[in-house]
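Keep in mind that what you see is a predicted model, and the values were worked out from it rather than measured. In listed order, ligands and their atoms are each counted from 1. Side chains are part of it too, since the values below use all heavy atoms of this structure and drop only hydrogens, waters and symmetry mates.
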Amino acid sequence: MTESVKAIVAEEAGKSLQQKLIERRALQPDDVKIDILYCGICHSDLHLINDDFGGSKYPMVPGHEIVGSVTELGSAVTSFKVGDLAAVGCIVDSCGECASCKIDLQQFCEVGTTLSFNSPDKYLGGMTYGGYSKTYVCKDKYMLHMPSNLDLAAAAPLLCAGITVYSPLKHWKAGPGKVVGVLGIGGLGHMAIRIAKAMGAHVVVLTTSQSKIDDAKRLSADEAVLSTDASQMKKYASKIDLIIDTVSARHDVNMYLDLLAIDGSMVLVGLPDSALEVQPFKVVKGRRSFAGSNIGGIGETQEMLEFCSKHGIVADIELIPAERINEALTRLAKHDVKYRFVIDMATLN
Ligand code: NAP
Ligand code: ZN
């Protein structure tokens with residue numbers, strides 16, 4: 001039997017979200033059910049609510065930065081106990097057998113990754129419903145173990161913002177002796193500063209906001225550059241080894257490619273809704289790369305949680321009650337959040 005639970009629902013693009021009942025599936029033998037304690041609000045939620053990419057299906061329950069506690073186990077589950085802290089990120093299923101799944105890159109599953117919301121739901125039909133809700137049901141292999149030493153509300157953003165920057169920082173070998181630029185200091189960007197610093201890199205913030213220049217040191221960056229000031233930008237020409245680009249809107253990437261050292265890489269994780277133009281000479285000069293990265297696999301997400309637990313890394317959050325969701329989304333669209341909204345699910349009744 002399905003279970004009716006309260007959720008925050010987008011009924012169509014551009015409309016205010018509302019509290020409604022949705023159905024969660026009855027537990028399968030390999031399922032784990034959690035009561036959701038906190039869910040972060042990612043800019044991807046906003047893109048999908050607004051149908052920025054054209055693939056949104058409504059009604060939609062957004063949310064993929066989900067932290068909770070286990071309340072029920074399917075008959076075959078041995079890796080969790082009732083009462084454990086657990087988490088769900090962006091990925092809730094994949095084929096498990098293709099070349100990508102075999103190397104823990106379930107986000108590139110050749111058959112198709114099931115995301116925690118707005119993906120076809122194999123059990124109930126329709127689309128998966130995300131974490132702006134009271135409960136989540138997920139296969140044990142895709143459920144994560146949540147470290148107990150972190151503030152749980154502030155740790156929720158690790159489930160998307162954290163892994164999305166951890167994965168490319170690790171892949172492109174951020175560490176001692178490397179200069180890492182972080183472009184766009186929002187939810188992803190401020191996590192990238194802390195994670196790159198904990199990996200041992202020298203971190204340079206690249207921001208359009210003066211107030212974030214003032215905040216950069218507190219966030220543990222070594223240097224900060226106001227990207228709208230050409231004279232400040234010029235000083236960093238050919239100085240940066242790796243830039244993580246988290247900008248959510250269309251922007252000129254060429255002025256940042258100029259900052260890359262020889263063999264440097266600029267890695268796009270932000271998802272502007274239209275094409276970006278790369279000028280050929282900006283990459284042929286210096287043998288530079290312009291690349292991209294998408295979240296991270298389940299094993300790597302668990303590894304990131306352990307890394308953040310060890311280094312005490314969480315997000316700076318503004319905890320909101322469920323009733324303030326529409327105000328939070330309006331403010332997120334204006335970059336008016338330092339640095340992540342998180343919904344306190346105890347307030348959704
Ligand atoms: P966010 O909190 O809104 O931060 C985005 C930041 O980008 C802003 O704070 C701002 O930083 C900068 N920015 C925005 N518009 C800009 C513009 N026109 N020009 C220059 N800078 C601008 O968003 P988020 O949650 O961190 O997500 C960032 C992007 O990553 C979104 O597009 C999201 O969908 C995407 N995302 C991708 C993945 C993936 O796996 N690839 C995963 C999660 C999210 P400053 O004020 O510092 O300039
Ligand atoms: Zn996200």
Given Cys90, Gly184, Gly292, which one has a non-hydrogen atom that is nearest to atom 12 (C) of ligand 1? Gly184
So, do Asp273 and Arg250 sit near enough that their side-chain heavy atoms are less than 4.5 Å apart? no
Quick one: does Cys42 get a heavy atom under 4.0 Å from ligand 1? yes
So, regarding Pro272 and ligand 1 (criterion: nitrogen or oxygen to nitrogen or oxygen, under 3.5 Å), is there a contact or not? no
Salt-bridge test for Asp93 and Lys139: reply yes if a basic N is under 4.0 Å from a carboxylate O, no otherwise. yes
To check your reading of the model: name the closest protein heavy atom to atom 5 (C) of ligand 1, its residue, and the distance in Å. Ser248 OG, 3.8 Å
Verify, without hydrogens or angle tests, whether Asn118 (side chain) and Leu48 (backbone) share a donor-acceptor contact under 3.5 angstrom. no
Enumerated ligand 1 atoms positioned under 4.0 Å from heavy atoms of Asn294: 39 (C), 40 (O), 41 (N)
With the threshold set at 4.0 Å, does a side-chain nitrogen-carboxylate oxygen contact exist between Asp241 and Lys173? no
For the pair Asp316 and Arg340, find out whether any cationic side-chain nitrogen is under 4.0 Å from an anionic carboxylate oxygen. no
I'd like to know if Arg340 contacts ligand 1, where contact means a heavy-atom distance under 4.0 Å to any ligand atom. yes
Going by distance only, is there an N or O of Gly189 that falls short of 3.5 Å from an N or O of ligand 1? no
If only atom types and distance count, is the side chain of Ser309 paired as donor or acceptor with the main-chain N or O of Leu305 below 3.5 Å? no
Holding to salt bridge (charged side-chain N to carboxylate O under 4.0 Å, His left out), I want the full list of residues that pass it with Glu97, two or more places apart in sequence or in another chain. none
Does one side chain, of Lys285 or Ser238, offer a donor that lies under 3.5 Å from an acceptor on the other? no
side-chain contact (heavy atoms from CB on, under 4.5 Å) evaluation trace for Arg24 with Thr135: CA-CA 8 Å; Arg24 289 292 183 204; Thr135 68; 3.3 Å; yes
Within the side chain of Asn254, is there an N or O that forms a donor-acceptor pair under 3.5 Å with the backbone of Gln279? yes
Tell me, do Thr301 and Tyr166 make a side-chain contact under 4.5 Å, heavy atoms counted? no
Test your reading of the structure: does Leu332 have an N or O sitting under 3.5 Å from an N or O of ligand 1? no
Tell me, which protein residue and heavy-atom name are nearest atom 11 (O) of ligand 1, and how many Å apart are they? Ile185 N, 3.2 Å
Tell me if a side-chain donor or acceptor on Lys20 pairs with a main-chain N or O of Ile8 at a distance below 3.5 Å. no
Identity and separation of the nearest protein heavy atom to atom 30 (O) of ligand 1: Gly270 CA, 3.3 Å
What are the atoms of ligand 1, with element, lying closer than 4.0 Å to any heavy atom of Ser44? 33 (C), 34 (O), 35 (C), 36 (N), 43 (C), 44 (C)
Within the 4.0 Å heavy-atom shell around Ser209, which atoms of ligand 1 are there? 45 (P), 46 (O)
List ligand 1 atoms under 4.0 Å from Cys160, heavy atoms only on the residue side. 42 (C), 43 (C)
Using only atom types and a distance under 3.5 Å, with no angle test, would you say the side chain of Asp344 pairs donor to acceptor with the backbone of Ala346? yes
Give me the residue, atom name and distance of the protein heavy atom closest to atom 32 (O) of ligand 1. His47 NE2, 2.8 Å
Against heavy atoms of Ser293, which atoms of ligand 1 measure under 4.0 Å? 41 (N)
Quick test: of every protein heavy atom, which one is nearest to atom 28 (C) of ligand 1, and how far off is it to 0.1 Å? Thr246 O, 3.0 Å
Counting distance only, does the side-chain N/O of Gln28 pair as donor-acceptor with the main-chain N or O of Ala26 below 3.5 Å? yes
Are any of the N/O atoms on Tyr339, whether in the backbone or the side chain, positioned under 3.5 angstrom from an N/O atom of ligand 1? no
Is the backbone of Gln106 close enough, under 3.5 Å, to the side chain of Asp104 for a donor and an acceptor to pair up by distance? no
Which atoms from ligand 1 have a heavy atom of Thr164 less than 4.0 Å away? 38 (C), 39 (C), 40 (O), 42 (C), 43 (C)
Val269 to ligand 1: N or O pair under 3.5 Å? yes
Any N or O of Thr207 closer than 3.5 Å to N or O of ligand 1: yes
For atom 21 (N) of ligand 1, what is the closest protein heavy atom, and at what distance to 0.1 Å? Val247 CG1, 3.5 Å
Taking the Zn ion (ligand 2) as the center, what protein N, O or S atoms are found at less than 2.8 Å? Cys42 SG, His64 NE2, Cys160 SG
Just jot down the ligand 1 atoms closer than 4.0 angstrom to any heavy atom of Ala249, in number order. 15 (N), 18 (N)
Measure the distance from atom 27 (O) of ligand 1 to every protein heavy atom, then report the residue, atom name and distance (to 0.1 Å) of the closest one. His43 CB, 3.5 Å
So, His251 and Asp245: side-chain donor and acceptor under 3.5 Å apart, yes or no? yes
Do Met233 and Ile240 share a hydrophobic cluster (ILVMFWY, side-chain heavy atoms under 4.5 Å, transitive)? yes
Under 3.5 Å, is there a donor-acceptor pair linking the side chains of Glu23 and Tyr129? no
Looking only at protein heavy atoms, identify the closest one to atom 9 (O) of ligand 1 and say how far it is in Å. Lys212 NZ, 3.0 Å
